[in-house]
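Structure record follows, encoded as structure tokens.
Proteins come first, then strands; the chains are lettered A, B, ... in the order of their sequence lines, and each starts at number 1.
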Protein chains: 2
Amino acid sequence: IINLKNIDKEYKLGQTKITALKDVSLDIQAGEFISVCGPSGSGKTTLLNIIGCLDTPTKGNVKIIEKDVINYSDAKLSELRNKYIGFIFQSFNLIPVLSTFENVDYPLVLLGMKKKQRQEKVHAILSEVGLYDHKKHRPDELSGGQRQRVAIARALVTNPKLVLADEPTANLDHKTGVAILDLMQKMNEEHNCTFIFSTHDPEVMKYAKKIYHLRDGEIQKQGKRS
Amino acid sequence: IINLKNIDKEYKLGQTKITALKDVSLDIQAGEFISVCGPSGSGKTTLLNIIGCLDTPTKGNVKIIEKDVINYSDAKLSELRNKYIGFIFQSFNLIPVLSTFENVDYPLVLLGMKKKQRQEKVHAILSEVGLYDHKKHRPDELSGGQRQRVAIARALVTNPKLVLADEPTANLDHKTGVAILDLMQKMNEEHNCTFIFSTHDPEVMKYAKKIYHLRDGEIQKQGKRS
Ligand SMILES: Nc1ncnc2c1ncn2[C@@H]1O[C@H](COP(=O)(O)OP(=O)(O)OP(=O)(O)O)[C@@H](O)[C@H]1O
Ligand SMILES: Nc1ncnc2c1ncn2[C@@H]1O[C@H](COP(=O)(O)OP(=O)(O)OP(=O)(O)O)[C@@H](O)[C@H]1O
Ligand SMILES: [Mg+2]
Ligand SMILES: [Mg+2]
């Protein structure tokens, strides 16, 4: 479902060149549950952004769901993301003027779903993440961990083929984090949804069936949970 | 140095009343190193915001460094914060158009410090948090954990009497997190700087000499590290 071939990603700051990713190749099948870990600045977010077609590599090729996306227009990339991919960003990216309900409803509106069906799905996912009672709160009326869970609900409500999650439990207490991971695992097992998440937490890594270790933009080694 | 008496904090959303803090009383001495923990939504950020005079309680009294701050004007509160308190926010609050250096320099400019002295201090603290080489990067050119460390550097550069840190290591890998906590501990021991930090991480809690447990806005119990 994902094929990255010899990906490089470089940034230029004045005269300085920064290598965020270096010769990364990956092959990920549908239904995998993968963790990416590594020190701060090692390239995790950059990698997730490239897989999610939110950024383009300096070199290399990207295939997502059998499609060569390197030369896709912005409109086609946007359409692919809306149809197939759920994102949980490190910075949540909630829309400040929309309520919890409206933020989670939004991707379903983009898919053209009917109102009543949307409402059922939004209520169900908000209950799963423990935020049904906060459905009218706007993001600035929520705690950090509550905002994180809204972002999680928004990513999962469309039952995407692929979910990319950047440190999805970083701001959650242990119990809430476990509830979220159990939800993700359930979606993986019941719907064959592919999950790739970055994390710093060894407890979270235990859920992954495969672990990629990044360091200075390179995949150092892969681990497999025994 | 901090005295909270029977603090309540309530929000109103339409007809709904939300209790973020309920009858919280605290007495904190100079030089303490305290952790506040609790589930998502339990009131940690609200408590830190009130201690830091960034928010006012619905009821109760707040004394910071012997001053009754309840009736202070915004200008006086701002002056008190600039002089005495360093903040590490859950959302970092970096100024997007300023570089790493300029973000960390800013509180020193507000204190009227001379340029050469400011430069030395900024370079020193950026080296301590491992970001000297990123001093020209703007926040959108940094990873999540790098931004967190800029926020930490900015909070600590003035050698404040009090540092309030809201989940300061949430987005950091273990090694980087330990380096940050060691730096904080050093400031606590050498400069008698008071630290209050919220966290979900049991490893981080181990650094604290006293732990307050919040649940649904109430302090459930205090623990003391043996
Ligand atoms: N501006 C606001 N308006 C309405 N409710 C709010 C507001 N800010 C916070 N709350 C609510 O008050 C409660 C406490 O929020 P607070 O941010 O202090 O929690 P927290 O312990 O920091 O949580 P987290 O671990 O998720 O960061 C939450 O239920 C939250 O929804
Ligand atoms: N827009 C940009 N311009 C310049 N450099 C960037 C940019 N975005 C990221 N970088 C740099 O690329 C490297 C990788 O960044 P990335 O965000 O992928 O790291 P990360 O592994 O997600 O780190 P963290 O754990 O701190 O979130 C970092 O050194 C970062 O400073
Ligand atoms: Mg990142
Ligand atoms: Mg909080």
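Between B:F195 and B:F33, the ring planes lie tilted relative to each other; the angle falls in the 30° to 60° range.
Ranking B:I18, B:L13, B:T169 against chain A, the residue ahead of the rest is B:L13, based on heavy-atom pairs under 4.5 Å. Highest contact tally toward chain B, considering only A:Q90, A:Q148, A:H174, A:K175, is held by A:Q90 [criterion: heavy-atom pairs under 4.5 Å]. Each of A:T16, A:D166, A:L172, A:T176 has some count of heavy-atom pairs under 4.5 Å with chain B, and the biggest count is that of A:L172.
Using a 4.0 Å cut-off between a side-chain N of Lys or Arg and a carboxylate O of Asp or Glu, A:E32 and A:K209 do not qualify as a salt bridge. Using a 4.0 Å cut-off between a side-chain N of Lys or Arg and a carboxylate O of Asp or Glu, B:K22 and B:D8 do not qualify as a salt bridge. The existence of a salt bridge linking B:K186 and B:E128 is confirmed by a sub-4.0 Å separation between a basic side-chain nitrogen and an acidic carboxylate oxygen.
The side chain to side chain contact (heavy atoms under 4.5 Å, CB included) test with A:N103 singles out one residue from A:L98, A:N93, A:V122, A:V157, and that residue is A:L98.
From B:L214, atom CG reaches atom CD of B:Q220 across 8.5 Å, with rounding to the nearest 0.5 Å.
Proximity to chain A among residues 39-60 of chain B is limited to B:P39, B:S40, B:G41, judged by heavy-atom separations below 4.5 angstrom. Close approach to chain B, defined as a heavy atom under 4.5 Å from one of its heavy atoms, is seen in A:H137, A:E141, A:S143, A:G144, A:G145, A:Q146 of residues 134-147 of chain A, taken by number.
When the ring-ring contact (aromatic ring centres under 6.0 Å, His included) test is applied to B:Y212, no partner is found at least two apart in sequence or on another chain. Shown here are the ring-ring contact (aromatic ring centres under 6.0 Å, His included) partners of B:F87, two or more places apart in sequence or in another chain: B:F89.
For the residue pair B:H213/B:Q222, the side-chain donor-acceptor check at 3.5 Å is not satisfied. No donor-acceptor contact under 3.5 angstrom links the side chains of A:D201 and A:T199, judged on distance only.
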Exercise. Output, in order, the C-alpha distance, side-chain angles, deciding distance and verdict of side chain to side chain contact (heavy atoms under 4.5 Å, CB included) for A:N171 and A:F92.
Key: CA-CA 11 Å; A:N171 293 103; A:F92 318 145; 3.8 Å; yes
